[in-house]
Amino acid sequence: MSGLGYRETKMRVLAKDIGQYEGKEISVSGWIHRVRELGQISFLILRDRTGLIQVVCDEKVSETNETVLTIIGEVQANEKAPGGYEIHLKEKTVLAEAASDLPFPVNQDPEKIGIEAILDNRSISLRNPKIKAIFTLQSDLIRYFGDFYRQNGFTEIKSSKLIGHGTEGGTNVFEVEYFDTKVFLAQSPQFYKQTMVSSGMERVFEISHAYRAEKHETARHINEYVSMDVEMGFIESEMDLIQIQKDLMKYMFTQIRKNNQAELDAWGATTPDPELCDKIPVISHDEAKKIVSERLGKRVFDINPEAEREICQWAMEEHGIDLVFINEFPRKKRPFYTYPKGLKTMSYDLVFRGLEITTGGRRINQYRMLQETLPKFGMTEEELGDYISIFKYGCPPHGGFAIGLERLTQKILGLSNVKECSLFPRDRKRITP
RNA sequence: GGAGUUGUAGCGAAGUUGGUUAUCGCGCCGGCCUGUCAAGCCGGAGAUCGCGGGUUCGAUCCCCGUCAACUCCGCCA
């Protein structure tokens with residue numbers, strides 16, 4: 001069967017293409033999305049990965065919804081058909097029957113289905129076109145991210161998710177049995193992407209899972225998420241990273257508007273104006289606290305979720321875009337490897353529509369500075385293992401950032417829970433499907 | 001780890017100031033209808049009202065416990 005792998009089987013025409021076959025007999029395959037019976041005539045709506053096809057039948061349709069069929073028939077143009085074309089049935093072959101006790105109707109608006117039912121029955125809920133749109137967009141987000149960085153001289157890497165020792169701190173990690181010892185699931189590819197900068201590759205990106213053993217239960221957390229990571233050498237400060245992320249956001253929003261209108265429409269969503277990405281405000285952590293305190297009429301000591309929502313409101317009102325960079329985070333709020341700037345750091349967050357989607361910053365690259373810093377965080381060189389040797393033998397100034405893929409997807413489409421943007425989400429309770 | 005809200009049919013919800021056959025929409029089963037667009041119309045099946053205990057003549061409703069889900073906080077992407 002070699003050669004057929006990525007093509008359709010011999011005769012199959014996809015839903016999006018049937019208009020090209022007017023007057024011809026074709027074969028289409030897919031799932032029964034819906035049936036409308038009107039006595040002597042029935043409309044069978046067949047669904048494939050590209051859309052819906054109306055099949056006109058002269059007889060009753062006895063198969064249940066979600067049965068998998070191949071239909072052979074003639075394509076006819078008809079103003080009354082959705083999309084202008086329909087197929088008049090000649091031959092119908094059942095490829096796989098579907099039981100009639102679906103957990104919920106696939107052809108219904110998913111807003112009317114609870115998140116628990118959606119996630120418990122993933123193989124069914126993903127058939128819903130609106131839910132499928134989430135992951136069509138997500139797949140493209142991954143592509144745009146990768147394309148942007150490849151175009152800018154970055155190399156894609158895949159690092160190990162099994163970490164022997166040397167955790168970054170600031171979060172809990174999962175322990176895993178590893179032969180006769182224990183390892184940890186990577187909370188980020190942080191050390192490995194820095195290793196690659198030091199190795200001479202200079203600019204790298206990685207798109208892969210990250211694991212956080214945090215016992216939280218919120219609409220913005222999952223314990224396994226896809227991290228889109230970047231690290232680049234020869235920068236001066238976090239401002240270089242902020243600039244490249246502005247360009248990245250502009251590129252991604254432009255591509256989405258060009259290629260993903262259908263997915264946006266499915267959710268009634270729109271991206272921020274790509275042209276405004278150059279003007280995303282950059283404010284310091286102190287300024288952000290001040291702005292939020294004034295607006296909320298109470299003293300704010302931290303950029304908590306409420307403050308994140310408020311600061312985006314502010315950015316929208318003042319700059320017409322609901323994205324805002326917050327830089328110069330205090331040292332104690334950042335990991336040990338963050339490059340200091342007085343009592344502050346060369347680091348930043350990007351908040352999008354009220355939710356933090358990125359943390360980034362310059363890293364300490366001088367061996368001496370790192371040695372001096374470790375004790376302040378209660379750490380030793382031994383604990384960090386191989387990490388330390390990255391710097392001992394010449395590592396350029398560098399920094400990077402990461403975007404949470406599910407959070408980005410969620411905020412673009414305006415979904416209320418990040419779990420809806422993970423195919424098979426893992427949270428504190430959920431480990432299946 | 002803390003706080004709050006909610007558990008009623010396969011799914012989404014209403015309701016009972018404690019009372020006899022627990023309601024609606026979707027889905028499911030059967031029937032009618034030749035142009036439907038979430039088709040329409042008629043009929044039907046399907047619920048020990050999350051679970052356990054208590055109060056009461058009587059509990060789906062009140063009380064206690066328990067389990068689960070969701071939302072929020074700390075922390076984070």
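Please read these numbers as outputs of a predicted model, since none were measured by experiment. Chain A is the first sequence line, chain B the second, and so forth, proteins listed ahead of strands; every chain is numbered from 1.
Ion pairing between a basic and an acidic side chain is recognised when a charged N comes within 4.0 Å of a carboxylate O; A/Lys250 and A/Asp247 show no such pairing.
Ring geometry for A/His398 against A/Phe391 counts as parallel: the plane angle stays under 30°, on a 0 to 90° scale with 60° as the upper cut. A/Phe253 and A/Phe352 have tilted rings, their planes meeting at an angle from 30° to 60° on a 0 to 90° scale.
For the pair A/Gln40 CD and B/rC32 P, the interatomic distance rounds to 10 Å; values are reported in whole Å. Atom P of nucleotide B/rG12 and atom CG of A/Asn128 are separated by 14 Å, given to the nearest angstrom. The distance from atom CD1 of A/Ile45 to atom C1' of B/rC37 is 8 Å, rounded to the nearest whole Å. For the pair A/Phe43 CZ and B/rC33 P, the computed distance is 16 Å after rounding to whole Å. One can place OH of A/Tyr225 at 16 Å from P of B/rC75, the figure rounded to the nearest angstrom. Atom CG in A/Asp349 sits about 12 Å away from atom P in B/rC75, given to the nearest Å. Computed from coordinates, the A/Lys193 NZ to B/rA77 P distance equals 10 Å when rounded to whole Å.
With B/rG35, B/rU34, B/rA77 as the choices, the nucleotide that has an atom nearest any side-chain atom of A/Thr359 turns out to be B/rA77. Checked against B/rA77, B/rU34, B/rG10, the side chain of A/Pro105 finds its nearest nucleotide in B/rG10. For A/Phe104, taking side-chain heavy atoms from C-beta onward, the closest of the listed nucleotides B/rC33, B/rC29, B/rC11 is B/rC11. Of the candidate nucleotides B/rG35, B/rC75, B/rC28, B/rC28 has the atom nearest to the side chain of A/Ser100.
As judged by a 4.0 angstrom heavy-atom cut-off over every strand, A/Leu38 is placed among the base-contacting residues. Contacts of A/Ser227 with the nucleic acid, taken as non-hydrogen atoms under 4.0 Å apart, are absent. Residue-level contact check: A/Glu86 touches the bases, meaning some heavy atom is under 4.0 Å from a base atom. Residue-level contact check: A/Asn65 touches the backbone only, with heavy atoms under 4.0 Å from sugar-phosphate atoms and none from bases. Looking at heavy-atom distances under 4.0 Å, A/Glu308 makes contact with a base. Contact annotation for A/Ala210: no contact, since no heavy-atom pair falls under 4.0 Å across all strands.
Taking only distance into account, the side chain of A/Gln54 meets the base of B/rU36 through a donor-acceptor pair shorter than 3.5 Å. Interface remark: the A/Lys112 side chain does form a donor-acceptor pair with the B/rA38 base, using a distance-only criterion of under 3.5 Å. Scanning atom types as modelled, no donor and acceptor separated by under 3.5 angstrom connect the side chain of A/Glu37 and the base of B/rG31.
Sequence order on RNA chain B of the closest nucleotides to A/Arg407 and A/Arg428 puts A/Arg428 first from the 5' end. The residue among A/Thr64 and A/Val35 whose nearest nucleotide of RNA chain B lies closer to the 5′ end is A/Thr64.
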Please write out each protein N/O paired with an N/O of nucleotides 69-74 of chain B under 3.5 Å, distance rounded to 0.1 Å.
unit_1	atom_1	unit_2	atom_2	d
B/rA69	OP2	A/Lys429	NZ	3.1
B/rU71	OP1	A/Asn417	ND2	2.6
B/rU71	OP2	A/Asn417	ND2	3.3
B/rC72	OP2	A/Ala219	N	3.2
B/rC72	N4	A/Glu217	O	3.3
B/rC73	OP1	A/Arg309	NH2	3.4
B/rC73	OP2	A/Arg220	NH1	2.9

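Of all nucleotides present, only B/rC67 satisfies the Watson-Crick or G-U wobble test against B/rG7, with each distance under 3.5 Å.
Atom CG of A/Asp58 is surrounded by 12 or fewer heavy atoms from other residues, nucleotides or ligands within 6.0 Å.
Between A/Arg36 and B/rU36 there is no side-chain polar atom (N or O) within less than 4.0 angstrom of OP1 or OP2. At least one side-chain nitrogen or oxygen of A/Arg34 sits closer than 4.0 Å to the OP1 or OP2 atom of B/rA39.
One C1' atom belongs to B/rU60, the other to B/rC49, and the distance between them is 4 Å to the nearest Å. B/rC28 and B/rA22: their P atoms are spaced 26 Å apart (whole Å).
With hydrogens and angles left out, the side-chain atoms of A/Gln245 and A/Tyr348 include a donor and acceptor closer than 3.5 Å. Donor-acceptor pairing under 3.5 Å is lacking for the side chains of A/Tyr251 and A/Asn152. Checked by atom type, the side-chain pair A/Arg334/A/Ser347 shows a donor-acceptor distance below 3.5 Å. A/Ser422 and A/Glu406 are not linked by any side-chain donor-acceptor pair at a separation below 3.5 angstrom, with hydrogens and angles left out of the test. For the 3.5 Å distance criterion, the side chains of A/Gln194 and A/Tyr387 qualify, holding a donor opposite an acceptor.
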